[in-house]
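Below, chains carry the letters A, B, ... as their sequence lines are ordered, and counting in each starts from 1.
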Amino acid sequence: MSQDEVRISDLSLLVCQAHALIERRRFAQARSVVSGGLRDYPESTELQYLAAYVDYSQGRHQDAIETARQVLARDPQHYGTRILLAELHEARREYAEAERLWLDLLQEYPASPDCYAAYADLLLRTLHLEKAEQLVLEGLRLDPSHENCLYEAALIEMIRGNSRNNEYLQRLVREHPERLNTLIALIVALEERGDTRSALRVAQQLLRTRPNSEPCVNLVRQLRLRRHWSLLPLYPMQRWGWGGAAAVTVAGLTLVRVAEHSLSARLATGIVLVWLAYVIYSWVWPPLLKKRI
Amino acid sequence: MPDLQPLLTPAFVPGRRLNPAIYSVRVGFMGSFLGGPIAAVIIALCNSWRLGRLRRDWPLGLAGVALTFALAAAAAHGGLPSVFGAEGAYFTFELAGLACFIGVYRVHRVYYRGMSVLGIKAPNGWAVGLPAVILGQGAIAGLLGLLTP
């Protein structure tokens, strides 16, 4: 085996090792492998890309952007780096820049459902629902069982108020039952339907598989909070959201007004005090409970 | 193969770093209740502007002004229910504000739901909510003063 072949094989091993560590979310170790590799192979765009990816995963967005630009200066067509740069711009709320990258990728890869799903995700998170839906439908036309397209389509259906007969969610659960996206979509749909108990059960299962994940911990905490017994008097708000709050407010204020002018002073004062206590409780107790849980 | 050109048309303006989220339901709800229909439509139109759909939603503004004017005229000529007492006119404006908010919520429902489903954080609502309430209350007081014989 020649010296060049040994070098390439070592580089491939390093890249594989870094990929494996990133997949397991061991970013500190991945960083040390990548940094060591870059000392020996400073010209490797793959290692530079992985360095940028580790920076991005650890929240060092500026460093990640600089490294990603260096990679693209050498290899303007590097697919992973272009996707990473788009995600970095999105994280920094530079939406137009992120969009430009997605549009370039879509023009070069018009048959890639991944690109449609990723661009739709950007549009969905910036509330461009109609265009996001068109993109997702195009992605699903190209690949009817594409996981990310099904996930985005399921979210769009939920946003449109269709949590019960969500065809895309059903397909997502049927075709990708083990994926993280499926569980997240399921939790959101159950919560939207007001079935917090089942949502909590799924979220707890998810947390068991990812005990170190902060978003999973927060999700379980949030769902447990919603099921706390001391929030039972707030059921209309919990179940019907702001519609319930509006109904309770109108009913309460009407009762207070009518009581003030039609009932005895003692009874009216009692009703006003109960109403005030309820209002104060509804504003003060949930945030306090959140801190406790 | 379908025409992809509409999908490849940019949706964002370069260099503009606006938070695309709209003011929360809480801001709309409280602002509408405290400031009446005028406050409700001010907050709604601010949201429409953030969503880039002001051209579609501007009639909401007209509806809010017309409702406020009609209620003020009715209150000035004793046309509101007396069961709510002497301050019944203001209570009627509060209820009308909530009714307006329900209408606005229906128009912007998918965006509010989108923020809820996707966990998008709403911008701070004080800068819009407080002036909207002050303007709404000022409009009510001004109209009642003008129209009362």
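For the set B:Tyr112, B:Tyr105, B:Phe33, the count of heavy-atom pairs under 4.5 angstrom toward chain A peaks at B:Phe33. Comparing A:Glu191, A:Glu192, A:Arg100, A:Met158 by heavy-atom pairs within less than 4.5 Å of chain B, the highest count is held by A:Glu192. No other option in B:Gly119, B:Pro10, B:Pro6, B:Gly114 has as many heavy-atom pairs under 4.5 Å with chain A as B:Pro10.
Summarising the local packing, CD of A:Glu108 is surrounded by more than 12 heavy atoms from other residues, nucleotides or ligands at distances under 6.0 Å.
Of the two parts of A:Leu127, the backbone and the side chain both hold a non-hydrogen atom closer than 4.5 Å to a non-hydrogen atom of chain B. Both the backbone and the side chain of A:Leu124 come within contact range of chain B, judged by heavy atoms closer than 4.5 Å. Using a 4.5 Å cut-off between heavy atoms, B:Leu51 contacts chain A through its side chain alone, with no backbone atom that close. Of the atoms belonging to A:Gln134, heavy atoms from both backbone and side chain fall under 4.5 Å from chain B. Contact annotation for B:Arg26: both backbone and side-chain heavy atoms come within less than 4.5 Å of a heavy atom of chain A. Looking at B:Phe29, only its side chain comes within 4.5 Å of chain A, counting heavy atoms on both sides. Interface remark: B:Leu98 contributes side-chain atoms only to the contact with chain A (heavy atom separation under 4.5 Å). Proximity to chain B (any heavy atom under 4.5 Å) is shown, for A:Leu253, by both the backbone and the side chain.
In this structure, A:Tyr116 has its ring center no closer than 6.0 Å to that of A:His146. Residues A:Tyr151 and A:Tyr168 place their aromatic rings such that the two centres sit no closer than 6.0 Å.
In this structure, CG on A:Leu85 lies 6.0 Å from CD1 on A:Ile65, to the nearest 0.5 angstrom. A:Thr182 contributes atom OG1, which lies 11.0 Å from atom CD1 of A:Ile187 (distance to the nearest 0.5 angstrom).
Under the rule for a side-chain hydrogen bond (donor to acceptor under 3.5 Å, both in side chains), the partners of A:Gln62 that lie at least two apart in sequence or sit in another chain are A:Glu66, A:Arg92.
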Worked verdict on A:Glu94 versus A:His89 for side-chain hydrogen bond (donor to acceptor under 3.5 Å, both in side chains): CA-CA 5 Å; A:Glu94 293 162 354; A:His89 282 305; 2.6 Å; yes
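Only one option out of B:His108, B:Arg56, B:Arg53, B:Arg55 pairs with B:Ser48 in a side chain to side chain donor-acceptor pair (under 3.5 Å); it is B:His108.
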